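Below is one structure, written out as structure tokens; the observations come after it.
Here the structure is a predicted model, which means the values were calculated and not measured. Just so we're on the same page: letters track the sequence lines, and every chain starts at 1.
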There are 2 protein chains.
Amino acid sequence: MSDENKHLRYERQAEIAKAIGHPLRVAIIDFLKDGEQCVCDIAQHAGSERSNISRHLSVMVRAGILGYRKEGLKVIYKLKTPCILDFFSCVAVVIKQQVKESEKLLKSM
Amino acid sequence: MSDENKHLRYERQAEIAKAIGHPLRVAIIDFLKDGEQCVCDIAQHAGSERSNISRHLSVMVRAGILGYRKEGLKVIYKLKTPCILDFFSCVAVVIKQQVKESEKLLKSM
DNA sequence: TGATTATATGGCAATATACTCACATATTAC
DNA sequence: GTAATATGTGAGTATATTGCCATATAATCA
């Protein structure tokens, strides 16, 4: 792969990671894992203003991880690539590893 | 899981995703996938100043995705949780999906 | 000891991001 | 047509991130 292509790929990967990298957006992804939801319900569940949620949703749509469809007055968002959820299991690995290290540190005191 | 725990988990997950969410940091992770490297080599490979790379590395260490050891003058960084790399294959899925959509759009014109 | 090398960090300016409020748009029902 | 509802967006402020430079720290070697 050329350096320029690599650079583009890194930009793209970073954009996707950044689109996940906010507590509210993680909460939204977690909420959408069981099925599509309208903005109103997402806002209610995440506990934030609709306008704010709307912006966070558009960030994730732009990054390519969410899709949406309109149904009457409502706009229904859904996870486009559920493999995003695998990332969360890796996060669990990271956290477990940190717990293990803390325990090791504690034992050596 | 309690709401408070959920909130903490979301924060933690977001922190880790954010730690990946920068082109230089993606480049660093990609460089480290084949083994540990010193700051000097990482900086050279990523094409940025050492001071800048040093900061990016500390972001990832804080998030728990990198570890390091000192060896003489050098500090050697390594991927702590290679499952982070699985995230990149999901990114590939996201990108492929977008290509597919663009093609569909093109055909309909 | 002093010189050299590798890395980390404080300070600063530029830029990007997040949140809130008000308003615009779009769809439905009457 | 108007009213009501759901969503999106512009503007402004607050805060965070980034990159660069100068400098601090730490390890090695003469």
Side-chain angles (χ1 to χ4, degrees), chain A residues 7 10-32 35-80, chain B residues 7 10-32 35-80:
Chain A
H7 185 72
Y10 293 155
E11 293 266 4
R12 198 68 193 77
Q13 288 176 323
E15 189 194 3
I16 293 168
K18 212 156 52 168
I20 304 176
H22 187 285
L24 266 180
R25 294 199 287 262
V26 174
I28 292 171
I29 292 172
D30 190 50
F31 184 49
L32 291 180
E36 54 182 19
Q37 297 282 355
C38 66
V39 179
C40 48
D41 288 344
I42 295 170
Q44 166 136 42
H45 188 266
S48 180
E49 291 219 5
R50 290 186 192 182
S51 66
N52 194 25
I53 293 295
S54 183
R55 259 182 243 277
H56 283 297
L57 289 168
S58 76
V59 168
M60 291 190 279
V61 169
R62 220 174 311 137
I65 62 185
L66 295 190
Y68 64 91
R69 65 185 176 83
K70 303 194 174 182
E71 191 178 292
L73 271 176
K74 296 186 174 176
V75 181
I76 318 280
Y77 284 84
K78 69 156 180 261
L79 262 189
K80 213 164 158 187
Chain B
H7 185 71
Y10 293 155
E11 293 266 0
R12 199 65 194 78
Q13 288 176 322
E15 189 194 4
I16 293 168
K18 211 157 55 170
I20 304 177
H22 187 286
L24 265 180
R25 296 200 285 262
V26 173
I28 292 171
I29 292 171
D30 190 50
F31 184 49
L32 291 180
E36 55 182 18
Q37 298 283 353
C38 67
V39 179
C40 49
D41 288 343
I42 295 170
Q44 166 137 40
H45 187 266
S48 180
E49 292 216 5
R50 289 186 193 183
S51 66
N52 194 23
I53 293 294
S54 183
R55 256 185 244 275
H56 283 296
L57 289 168
S58 77
V59 168
M60 291 190 280
V61 168
R62 219 175 312 136
I65 62 184
L66 296 190
Y68 64 91
R69 64 186 177 83
K70 301 193 176 185
E71 189 178 294
L73 272 175
K74 297 186 174 176
V75 181
I76 318 280
Y77 284 85
K78 70 159 180 259
L79 262 188
K80 214 163 158 186

(request) Output the distance between atom CD (B:Gln44) and atom CD (B:Gln37), rounded to the nearest 0.5 Å. (result) 10.5 Å
(request) Please list residues of residues 42-56 of chain A whose heavy atoms come under 4.0 Å from any atom in DNA chain C, ordered by number; otherwise none. (result) A:Glu49, A:Ser51, A:Asn52, A:Arg55, A:His56
(message) Distance check, rounded to the nearest 0.5 Å: B:Ile65 atom CD1 versus B:Glu15 atom CD?
(response) 9.5 Å
(request) Hey, could you give me the OH/CZ distance between A:Tyr10 and B:Phe31, rounded to the nearest 0.5 Å? (result) 9.5 Å
(message) Quick check for you: to the nearest 0.5 Å, what is the distance between A:Ile42 atom CD1 and A:Leu24 atom CG?
(response) 11.5 Å
(request) Go through residues 59-78 of chain A and report each residue with a non-hydrogen atom lying under 4.0 Å from DNA chain C, sorted by number. (result) A:Gly72, A:Leu73
(message) Of all nucleotides in DNA chain D that come within under 4.0 Å of a heavy atom of chain B, which is furthest toward the 5' end and which toward the 3' end?
(response) D:dT17 to D:dT28
(message) Please find the pair of heavy atoms, one from B:Lys18 and one from A:Gly21, that lie closest to each other, and give the distance.
(response) CD-O, 3.4 Å
(request) Over all heavy atoms of both residues, which pair between A:Leu66 and A:Lys80 is shortest? Give the atoms and the distance, please. (result) O-CD, 3.6 Å
(message) Using 0.5 Å steps for rounding, measure from the NE2 atom of A:His45 to the SG atom of A:Cys40.
(response) 13.5 Å
(message) With rounding to the nearest 0.5 angstrom, report the NZ to CD1 distance, B:Lys70 to B:Ile76.
(response) 12.0 Å
(request) Using a cut-off of strictly less than 4.0 Å between a heavy atom of the residue and any atom of DNA chain C, enumerate the qualifying residues of residues 20-32 of chain A by number. (result) A:His22, A:Arg25
Just list the side-chain donor-acceptor pairs under 3.5 Å for residues 49-64 of chain A, sequence neighbours left out, or say none.
unit_1: A:Asn52; atom_1: ND2; unit_2: A:Ser48; atom_2: OG; d: 3.1
unit_1: A:His56; atom_1: ND1; unit_2: A:Arg25; atom_2: NH1; d: 3.0
unit_1: A:Ser58; atom_1: OG; unit_2: A:Arg55; atom_2: O; d: 2.8
unit_1: A:Ser58; atom_1: OG; unit_2: A:Arg62; atom_2: NH2; d: 3.4

(request) For the helix from C:dT1-D:dA30 to C:dC30-D:dG1, measure the angle between the helix axis at one end and the axis at the other, each built from five pairs, rounding to 10°. (result) 20°
